[in-house]
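Below: one structure in structure tokens.
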Amino acid sequence: MRDETQDIIVVGAGIIGISAALRLQSSGRSVRVLDRNDGKQKASEMNAGAFAFTDIEPLATPGIMRKAPKWLLDPLGPLSVPPRYAMQIAPWLLRFWRASRPDRYRAAVKAQADLMATAHGVLEEIVRETAGEHLVRREGQLQLYEGEAEYRASLPSWDLRRAHGIDFELLETPDAIAAFQPGLDRRFTHAGFTPGWMNSVDPALWLKHLTDAFIARGGYVETGEVKAINLEETAVALSGSGSEWRAGQVIICAGAWSHHLAGMIGDRYPLETERGYNTTLGAGAFDLRTHLTFPGHGFVVTRIADSIRVGGAVELGGLSLPPDYRRAGTLLKKARQFLPGLSGEDGHQWMGYRPSLPDSLPVIDRSPQDRRVIYAFGHGHLGLTQSAGTAELVTHLVDDTAPPIDLKPFAAHRF
């Protein structure tokens, strides 16, 4: 039991929560972090490790719902809905369809681009301030296309990047691709290379690095599952796990569980989970020189420390269904076809929950119920990428100062 009132409590010790805690601490705030810590590997630790600042398109793109029937027919495809979850997710899919309308899509692209630019700049500050350069790779990214038709279909997305000042180079022969990454199957005839793309050496090491920096500067990380939130006159009270905590302001950034916490004070959000799968192969599995993205198949191949991680795809399946590791196996099988020299056994499989809102934008805002509660969740598969930018925006909300970008697209009341 804790009777003292904290300045700020951050609920969630994933990459969003720790980044926010560290940034708030740098602005002079006293911060305590609470984490449910169920003993499982976090999405913040087991993702592809990409700071994907060049990915500014939302998942809800115009025309995407025409593909919806195939999601149900191909349970191992790049974007799927398990049949037994289809009815439960139907309201979310309706909002997703609305978000894919051209006007809302254009607004979402602008919001993503603004958040990405902020995140990139703040990340560079954090890397310098925490002496973290040794945990960053600056090797760019290749997006790979099978044939002329797939490449031509991708050109509008490259035009979007150009319009937002993103540097890239388009490659139109297998030999041009091989100059960046040897060993690819020659079915990949075209590609786009984004030199500004960054990766963490290992997302788990990056999270630990930031957590250690936060603790070394006087911060606290405590295990405790919040089971109730009470809005008292003088504080926000959190209780659970036999303990109670009070704070002047509370930041909710508990990933895929955030909507349950928001619901405790009467806020309702259509938060779903992009269940992501990957397989990590041992050291020396492939001479990977840059991050590889296969957009037509919905997965990536990336270097994690000395290992190779093959992962991605989107399964909209909630928090309760058991993992379908056939998805990880399918991705690895494709990777072996696309990278004929990829070696190693089956590796370590993993599935994690990526919190996703229908318009592909997170909520970064004060609660409509009580301005002492601030939300920062719903980043989908871009949590690591947008973590530093989100931390900066949360700090401006806490301090009541003008943010560097328009926060209306991330408003808590938009649903």
Side-chain angles (χ1 to χ4, degrees), residues 47-57 59 61 78-79 109 112-113 116-117 120 136-201 278-279 281 283-313 330-344 381-382 384-385:
N47 59 69
F51 295 109
F53 300 122
T54 66
D55 278 7
I56 60 174
E57 272 199 291
L59 191 59
T61 55
L79 203 165
V109 169
Q112 284 281 47
M116 292 298 197
H120 195 172
V136 175
R137 286 192 172 117
R138 302 176 186 272
E139 299 169 345
Q141 176 228 196
L142 274 175
Q143 288 206 26
L144 295 150
Y145 305 104
E146 296 178 78
E148 183 83 15
E150 188 174 86
Y151 171 65
R152 294 296 171 194
S154 78
L155 292 180
S157 68
W158 293 104
D159 289 339
L160 272 179
R161 293 181 176 91
R162 182 181 292 108
H164 288 279
I166 295 171
D167 187 27
F168 62 86
E169 179 180 352
L170 297 178
L171 311 172
E172 298 187 338
T173 67
D175 289 339
I177 295 170
F180 289 90
Q181 177 60 66
L184 281 159
D185 190 282
R186 291 182 71 85
R187 75 181 72 189
F188 296 102
T189 57
H190 297 72
F193 181 71
T194 48
W197 182 287
M198 297 162 57
N199 283 72
S200 62
V201 167
N278 66 45
T279 303
L281 303 173
F286 190 77
D287 180 19
L288 194 66
R289 302 182 185 181
T290 185
H291 182 105
L292 303 180
T293 299
F294 300 92
H297 300 269
F299 77 97
V300 304
V301 178
T302 186
R303 195 151 54 103
I304 304 296
D306 294 325
S307 302
I308 297 296
R309 183 164 291 166
V310 178
T330 295
L331 299 182
L332 182 58
K333 181 179 179 180
K334 287 185 176 182
R336 293 194 190 284
Q337 294 170 356
F338 300 163
L339 304 170
L342 184 64
S343 62
H381 57 277
L382 295 170
L384 177 63
T385 301

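Positions are given from 1 along the sequence.
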Apply the test side chain to side chain contact (heavy atoms under 4.5 Å, CB included) to residues E139 and L288: give CA-CA distance (whole Å), side-chain angles for both, the deciding distance (0.1 Å), then the verdict. CA-CA 10 Å; E139 299 169 345; L288 194 66; over 6 Å; no
Considering the options F168, F180, W158, which one meets the ring pair (Phe, Tyr, Trp, His ring centres under 6.0 Å) requirement together with F193?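 The passing option is F180.
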Checking the side chain of T189 only, and the main-chain atoms of P174 only, is there a donor and an acceptor separated by less than 3.5 Å?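 No, T189 side chain to P174 backbone: no donor-acceptor pair under 3.5 Å.
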Is there a donor-acceptor contact under 3.5 Å linking the side chains of Y151 and E172?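 Yes, because at least one side-chain N or O of Y151 sits under 3.5 Å from a partner of the opposite role on E172.
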Measure the shortest side-chain to side-chain distance between L155 and R152 over non-hydrogen atoms and say whether it is less than 4.5 angstrom.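 L155 vs R152: side chains touch.
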Determine yes or no for a side-chain-to-main-chain donor-acceptor pair under 3.5 angstrom, with T385 supplying the side chain and A50 the backbone.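 Indeed, once roles are kept as given, a pair shorter than 3.5 Å links the two residues.
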Lys/Arg N to Asp/Glu carboxylate O, D55 vs R161, below 4.0 Å: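 Salt bridge between D55 and R161, a charged N being under 4.0 Å from a carboxylate O: yes.
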Checking the side chain of R309 only, and the main-chain atoms of N47 only, is there a donor and an acceptor separated by less than 3.5 Å?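 Here the side-chain-to-backbone pair exists.
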Nearest atoms (heavy-atom pairs only) where S343 meets G284: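 For S343 and G284, the tightest heavy-atom pair comes out as OG-O, 3.7 Å.
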Output yes when a side-chain donor or acceptor of S200 lies under 3.5 Å from a complementary backbone atom of V136, and no otherwise.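 No: the side chain of S200 does not pair with the backbone of V136.
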How far apart are the closest heavy atoms of H120 and G196, and which atoms are they?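 Shortest heavy-atom separation between H120 and G196 comes out as CE1-O, 4.2 Å.
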Could you check, using the six-membered ring where one of them is a Trp, whether W197 and F53 have ring centers closer than 6.0 angstrom?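 Not close enough - the centres of the two rings lie 6.0 Å or further apart.
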Provide the closest heavy-atom pair for E150 versus G296 in the form atom of the first, atom of the second, distance.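 Smallest interatomic distance, heavy atoms only, reads OE2-CA, 3.9 Å.
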Just wondering, are more than 12 heavy atoms of other shown residues or ligands nearer than 6.0 Å to CG in D306?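 No.
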Does V310 offer a backbone N or O that forms a donor-acceptor pair with the side chain of T279 under 3.5 Å?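 Flag not set: sc T279 to bb V310 has no pair under 3.5 Å.
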Go through it in stages, so that I can follow the logic: the residues are D159 and R162, the test is side chain to side chain contact (heavy atoms under 4.5 Å, CB included), and I'd like the CA-CA distance, side-chain angles, deciding distance and then a yes or no. CA-CA 5 Å; D159 289 339; R162 182 181 292 108; 2.8 Å; yes
From CA spacing to verdict: side chain to side chain contact (heavy atoms under 4.5 Å, CB included), L332, N278: CA-CA 8 Å; L332 182 58; N278 66 45; over 6 Å; no
Would a 4.5 Å heavy-atom cut-off, applied to side chains only, mark Q337 and D185 as touching?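 With C-beta onward as the side chain, the pair stays apart.
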Can you tell me if Q181 uses its side chain to pair, donor with acceptor, with the backbone of R289 under 3.5 Å?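 Indeed, once roles are kept as given, a pair shorter than 3.5 Å links the two residues.
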Which atom of L384 lies closest to which atom of G49, heavy atoms considered: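 The answer is CD2-C, 3.6 Å.
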What class does the angle between the rings of F338 and F299 fall in, given that below 30° is parallel, 30 to 60° is tilted and above 60° is perpendicular?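 Geometry flag for F299 against F338: parallel rings.
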Please tell me whether D167 and T194 have a donor and an acceptor in their side chains that are separated by less than 3.5 angstrom.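 Checked: D167/T194 side chains show no N/O donor-acceptor pair below 3.5 Å.
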Would you say the side-chain atoms of R137 pair up with the backbone N or O of R303, donor to acceptor, closer than 3.5 Å?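 Indeed, once roles are kept as given, a pair shorter than 3.5 Å links the two residues.
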Minimal non-hydrogen separation, T54 against I166, with atom names: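 Smallest heavy-atom distance, with atoms named: CG2-CG2, 3.6 Å.
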So, using side-chain hydrogen bond (donor to acceptor under 3.5 Å, both in side chains) as the criterion, who are the partners of T293 when residues are at least two apart?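 Applying side-chain hydrogen bond (donor to acceptor under 3.5 Å, both in side chains) to T293 gives Q141.
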Backbone N or O of L331 within a donor-acceptor pair of the R336 side chain at under 3.5 Å?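 Checking the backbone N and O of L331 against the side chain of R336, no donor-acceptor pair under 3.5 Å is found.
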Looking only at side-chain N and O atoms, does H190 offer a donor or acceptor that is under 3.5 Å from a partner on E148?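 Per modelled atom types, E148 and H190 side chains form a pair under 3.5 Å.
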Will you find, in the side chains of H297 and E146, an N or O donor that is under 3.5 Å from an N or O acceptor?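 Judged by distance alone, the side chains do pair up.
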Would you call L184 and L339 a side-chain contact if the rule is heavy atoms closer than 4.5 Å?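 A side-chain contact under 4.5 Å exists here.
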So, for M116 and A52, which heavy atoms are closest and what is the spacing to 0.1 Å?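 That would be CE-O, 3.5 Å.
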Do the two ring centres, one from Y145 and one from F294, sit under 6.0 Å apart?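 They do not qualify: ring centres at least 6.0 Å apart.
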Can V300 and L292 be said to form a side chain to side chain contact (heavy atoms under 4.5 Å, CB included), step by step? CA-CA 5 Å; V300 304; L292 303 180; over 6 Å; no
